[in-house]
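By convention in this document, chain letters (A, B, ...) are assigned in the order of the sequence lines, proteins followed by strands, and residues within each chain are numbered from 1.
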Amino acid sequence: MKSIIQILLFTFFCFLISNCTKPIEIDLPNIAPKLTVNSFVGLNDSIFVYINLSQSKASENKLDTGFVVLDTAIITMTDAVGNTVEFEETYWKGGEYRGFELIQNSGLVTIQVETEDYEIATATATIPTKTIIDTVFHQDSVSLFNDEYYGEIQINFRDNPNEVNYYAVELFEYWNSKNTWEIRSPSQSTSDDLILFNHFGKVFFNDETINGQAYTLKLGYGSDVFNNWKINDAPLKIVLYTIDFPYFEYTKDLNKAFNNQDNPFSEPTIIYSNINDGVGIFGGYVIDSMVVDLF
Amino acid sequence: MKNIYFFLLLFAINGYAQKSTVSGYISDAATGERLIGVNIIENQTYFGTVSNAFGFYSLTLPSADSVTLAISYLGYETQNVRITLRKNNTQNINLATKSLDLELVTVTPETSTPQMSTEILSLETLERLPMLMGETDILKMVQLLPGVQSGSEGSSGFHVRGGSPDQNLILLDGVPVYNASHLFGFFSVFNSDAIKKVKLVKGGFPARYGGRLSSVLDITMNEGNSQEWKGKGNVGLLSSKIMIEGPLQKGKTSMLFTARTTYYDWLLRPVIQLIGDTQIPSYGFYDITGKINHKISEKDKIYFSVYTGRDRFFSKNNSSSSENGNKITQTDLFEIGWGNITSALRWNRLINEKTFSNVSLIYSQYQFGMGTENQTITKFSDGTNETETDAITYNSLIKDWGVNWNIDYYLSPKHSLKSGFTNTYHRFTPKALQLKQPLNLVQDTTFANTTIQAISSSLFVEDKIQFTPKLKANIGVHFANFYVRNTLYPSIQPRLMLEYTAEKDWRYSISLASMQQPIHLLSNTGAGLPTDLWVSSTENIKPQKAWQVAAGIFKQWKNIGWSASIEAYYKDMNNVIEYAEGIDFLEDGPETNLLQVGTQSWEDKVEVGQGEAYGAEFSLRKETGKITGWLAYTHSYSNRLFENLNNGNPFPYKYDRRHDLSIVATYEFSKKFDMGFNWIFSSGHAITLPLESYRVNPTSANPFTGALQFNGNVINHGVVNGYMERNGFKMPNYHRLDLSFNFYKQKKRGERIWSISIYNAYNRLNPYFIQLNSGAQNSFSQTSIFPILPSFSYKFNFSIAKK
């Protein structure tokens, strides 16, 4: 009997050791650093270009400090009619470059980044035709979800039937106490005919199912949010971005990657990049905005 | 002229009168179980046949006063039966198991290959082999065979010749089983005590099989001892099981019943809760198998078999608090459950001595569910109560109803024909999300409850031809139709296998098979998790298709009990599917959207592409003597090509393992003690690792101008990974040693066996997955799940003999 108990205890103890995690070394190939270029160019908007170098995973550098910023890059940006934009490094000196001029023409914009020791990186973006916000309405207590009533902000616009369009929408509320606009991320949407995703409060979608239509985008906010707006009589600012394909695709992949980090069972996400001989994104956009007093 | 006609007539009459048919059933002499695949050969002409899936045989021979049939079957004494064959003759034969008193003959594993690309598993060997937690598992044994690879560590999923786990058709008494796993894929649902025969077909598929690309695992249940009541029991660390079989009416009606259950949930957990921890999670599974058969007449027999099994994992947390004099009790429940139900009603009819018919009605169901429920009970200070409940459940369900009709027609010693018809109605609900609101606000919403109904039909014809005693073939065609959402997918699937037996037991074979598979398994991990979704082809997603060619050489040294084989194959696959990049099974679609829960179809989450697999398998077996076992080595390649994955470049399949080696042996020291040994080596499977990282910048708009700007604070800049080619990195190699020791003792009414099993005897920490540590650069962690795992079990076999 005693030996049987000893056997039972021994085997049960071994069964408890059921999860072992240990660090391991993996011999990854050492990838040469590439130019990383991040920039979005908008019609009549300030232009910023952020440049640094990628890091190989085989590098010994720590993640936060190992990225080399490049302060001496030569950037050439040309718009659709041949106008060029000159750049200087910004006050913050973090690899950010500010353009002296604005892009004032829709259409193709090209960028070329030259640095010492690395390949010249190039890319092309498109500043699309602006889509205009027609009207903005609100509606209280439209739907119920998770024990909470939601109100809606309804944004009306007409999609351009001659192009494939990609959009992003942001809503800002004005804070009197701080004298600032703060972004307010929607909690849900009943626009079921769209494929929407939310990236840091900005809602992205395309015109695949609404091409050429006069459409009403409905963004839902909780009843407490609506109540606050009523109490504060707060104006709201709606910003409608018409963006190009690289901007949309890049953000979509980025959203997936951030959502799936630390999940060993999700499929890896390859982030879209349109930088030739480099990585990153060069995207185009144009905005229309409207300030409304709904309450 | 009259003379010519007379001689012709005489010749015809003589030709007709010179053949007679002997037919009947082959059974186990002790139990009455019908035996499948028994060889029956006539000693003079060497014409022969094989008993079918119900133990029936038929052999047409030249009429003679004396004909000797040699009946042989591995594990049984060969019988020579002399009969008079002047007219059609019924000869039922009972075979006795081989005597264990013979010195050189102990257990004879039935893993020899009766034909190319086919393996027959020995259930006696299975009982002796070391297994995880001492649980004998058919699928774990299948993973030790050449050409078969396991998925993740401990998983019962298997990959055959570069295919994915959904490409294996698993049949239990002819009924498809969709998820053959207990305990998140660590054990199979099959109770080995209920099983009579297990056959794995990896290529050269006979025309009777269809619906999957890579393999058929055909499992036949025992019928139940028709002579006496017997039973078996097994008490192990994880679960216990019992089997009882016997005659309800001797020689006519017999039954079999098995049951298996874990006891952690209903025995150990309450004890642990009494000690102190009231909130530990619970897990348990059970499975029950039953079969009854009845001999209506000499020509008719009916069978009814059923399997049901379920797994359940749940976690329940209770908490209490007070607020403003009110007492609030909150209960949070999280539950995952899944299970199968299969049943088959079959009628065998012996139409005549050459024609055997089987009609089956089948039902198969697989259900998976996951849910959370939060209940809040508020007891107010005035004595009133309020209850609020929120619940979310996720369900996936498949149901099949089908009818099969097969005919075996033994035309002549040179031609054995099979033909049949199958019609199955499928009902798929791959995802249904249901939300329940608190009772005082009635809202019960079901999203994405997309039920797909489909009908699959097939017709096959198959001819086993013996051209000469040395040259035979199996030629057939499988016609299939799949109808779903007003879309028809017909296919014609030719099948061919040729076999030539040369001098000195050398055998050469080639085969060609075309297959189509109208249903798919969406799997994130390949680990056989219950979260894997079975989905139907639709008007947008076509059935998978494959062609496979194979060639092999087999050699047997009968005098010393050795055999060896080498086989090479090539498989080409189309319309295979994989999850798109960045997808997890619960996601709504490629874009994780706001709260538009469940509005997208699974069809939007997958990519469709091609696959290719090729390789060579080598096996060496010893089938007699005190030491028996086999060595199986596979060298293989498996690749995929998808337009929208890996930038349209080909990439290795996740389970592309270059080398796979299994060494399996059992040694019988004496009648009281034997041991088993497995050593497994496998190249690591493929994963995708990041090669580089770079900064991205979340953007926001300038609130005054609307212009986009970057956040100047460096700490808030995000970092993302740039990946190598998909599946471009190989995990570390996998290897482990398992040992088992079995101690036998005869008791008054049976036999008891103590089994000690050591899984992973040298404690190799094989990787289950590798993960990049978040926030780190070149820092990876490997997680393993099974270190050295000893276990023991107590088995007993008993008989209930009537006095």
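A distance of 6.0 Å separates OH of Tyr694(B) from OG of Ser273(A), quoted to the nearest 0.5 Å. A distance of 11.5 Å separates CG of Asn721(B) from OG of Ser54(A), quoted to the nearest 0.5 Å.
Taking 4.5 Å as the limit, every side-chain heavy atom of Glu692(B) sits out of range of all side-chain heavy atoms of Gln55(A).
The backbone N or O of Arg695(B) sits nowhere less than 3.5 Å from a side-chain atom of Asn52(A) that would complete a donor-acceptor pair.
Between chain B and the options Val279(A), Ile271(A), Ile183(A), the largest number of non-hydrogen pairs under 4.5 Å is found for Val279(A). Heavy-atom pairs under 4.5 Å with chain A were tallied for Leu691(B), Ile687(B), Thr688(B), Val720(B); the largest tally goes to Leu691(B).
Looking at residues two or more places apart in sequence or on another chain, you find no side-chain hydrogen bond (donor to acceptor under 3.5 Å, both in side chains) involving Asn206(A).
For a residue to count as touching a neighbouring chain, one of its non-hydrogen atoms must lie under 4.5 Å from one of that chain's; by this rule Thr36(A) touches chain B with the side chain only.
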